[in-house]
Structure formats: C-alpha cells, structure tokens
Amino acid sequence: YIYRTIFNQAGTRVATMGYSAKLYVWEANDNRQLFHQQLPATAGYSLAYSPDGKEIAVATQDKRLMLITLPAAAH
C-alpha cells in the first residue's frame, strides 16, 4: 500500500512510500518507474525532496531519518 506521496519542486517526479519501507520514484507525466529501493527500516512515514531534487529524506518508524541519494535518471 502507498502511505505517502510527494512531488519534486518541478512537478516532474513523484516519490511514493509504503508501510513496507519501499521507496519508489516515478515520472509524473507517464507513470514510468525511475527508481526503487527497499529501505532498511520497519516502515517509512514521511518524505521530503531536497531543494535540488537529488535526494529524498525519509522519516521511519524506527525513529531514524534516512537521506537517499537518487541516481541521475530519477531526479
């Protein structure tokens, strides 16, 4: 299940996070998956893009904040 979604500043990418701590980044125009990562956490609850769109901060149920660097094709 998808728990959180957030668009990047330009509105061209959307990141999604489910209760299983799977992070996805999608192309907003055609719903193409650009990135996927299973995070080492029980669950993810909150997402935020960095100002330049190259990283995503993830708050987890494990009381950690993870900073995920996206590959060039996903930002």
Side-chain angles (χ1 to χ4, degrees):
Y1 298 101
I2 295 174
Y3 181 72
R4 290 279 188 233
T5 62
I6 187 169
F7 282 87
N8 68 352
Q9 188 174 5
T12 58
R13 304 286 189 262
V14 62
T16 62
M17 171 69 67
Y19 284 117
S20 61
K22 291 181 182 177
L23 173 67
Y24 291 87
V25 176
W26 307 87
E27 169 64 48
N29 295 327
D30 64 10
N31 302 322
R32 186 171 30 103
Q33 182 181 315
L34 303 173
F35 176 77
H36 169 254
Q37 185 171 338
Q38 173 66 55
L39 301 178
T42 304
Y45 284 111
S46 185
L47 300 171
Y49 270 97
S50 64
D52 64 5
K54 295 181 179 182
E55 297 173 308
I56 295 177
V58 180
T60 71
Q61 180 184 13
D62 303 338
K63 299 180 182 178
R64 293 185 289 165
L65 180 65
M66 297 180 184
L67 189 59
I68 309 302
T69 300
L70 300 174
H75 55 75

Can you check whether Q33 reaches Y24 side chain to side chain, under 4.5 Å on heavy atoms?
-> yes
Would you say the side chain of K22 lies within less than 4.5 Å of the side chain of Q37, judging by non-hydrogen atoms?
->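 In short, these two side chains do not touch, never coming nearer than 4.5 Å.
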What is the minimum heavy-atom distance between [X] and [Y], and which atoms define it?
X: D30; Y: E27; result: OD1-CG, 3.0 Å
X: A43; Y: Y19; result: CB-O, 3.0 Å
X: A28; Y: G11; result: CB-O, 3.5 Å

[X] (side chain) donor-acceptor with [Y] (main chain) under 3.5 angstrom:
X: R4; Y: Y45; value: yes
X: N8; Y: R13; value: yes
X: Q38; Y: S20; value: yes

Rounded distance [0.5 Å steps], [atom1] in [X] versus [atom2] in [Y]:
X: M17; Y: I2; atom1: CE; atom2: CD1; result: 11.0 Å
X: T42; Y: K63; atom1: OG1; atom2: NZ; result: 11.5 Å
X: M66; Y: L47; atom1: CE; atom2: CG; result: 12.0 Å

Could you go step by step and tell me if V14 and V25 meet the side-chain contact (heavy atoms from CB on, under 4.5 Å) rule?
-> CA-CA 6 Å; V14 62; V25 176; over 6 Å; no
same_hphob_cluster(Y49, L34) at 4.5 Å side-chain heavy-atom cutoff |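 No, no single cluster joins them.
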Following the transitive rule for hydrophobic clusters with a side-chain heavy-atom cut-off under 4.5 Å over Ile, Leu, Val, Met, Phe, Trp and Tyr, establish whether I6 and L23 coincide in one cluster.
-> yes
Can you list the steps and then say if I56 with L70 is a side-chain contact (heavy atoms from CB on, under 4.5 Å)?
-> CA-CA 7 Å; I56 295 177; L70 300 174; 3.9 Å; yes
Going by distance alone, is a donor N or O of one side chain under 3.5 Å from an acceptor N or O of the other, for T60 and D62?
->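 Absent: no donor and acceptor within the cut-off.
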In terms of heavy-atom contacts, does CD of Q61 have more than 12 from other residues, nucleotides or ligands at under 6.0 Å?
-> yes
Can you name the residues that form a side chain to side chain donor-acceptor pair (under 3.5 Å) with S46, not counting sequence neighbours?
->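 Per chain and number, S46 pairs via side chain to side chain donor-acceptor pair (under 3.5 Å) with no residue.
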For I68 and F35, run side-chain contact (heavy atoms from CB on, under 4.5 Å): C-alpha distance rounded to whole Å, both residues' side-chain angles, the deciding distance at 0.1 Å, then the answer.
-> CA-CA 11 Å; I68 309 302; F35 176 77; 4.1 Å; yes
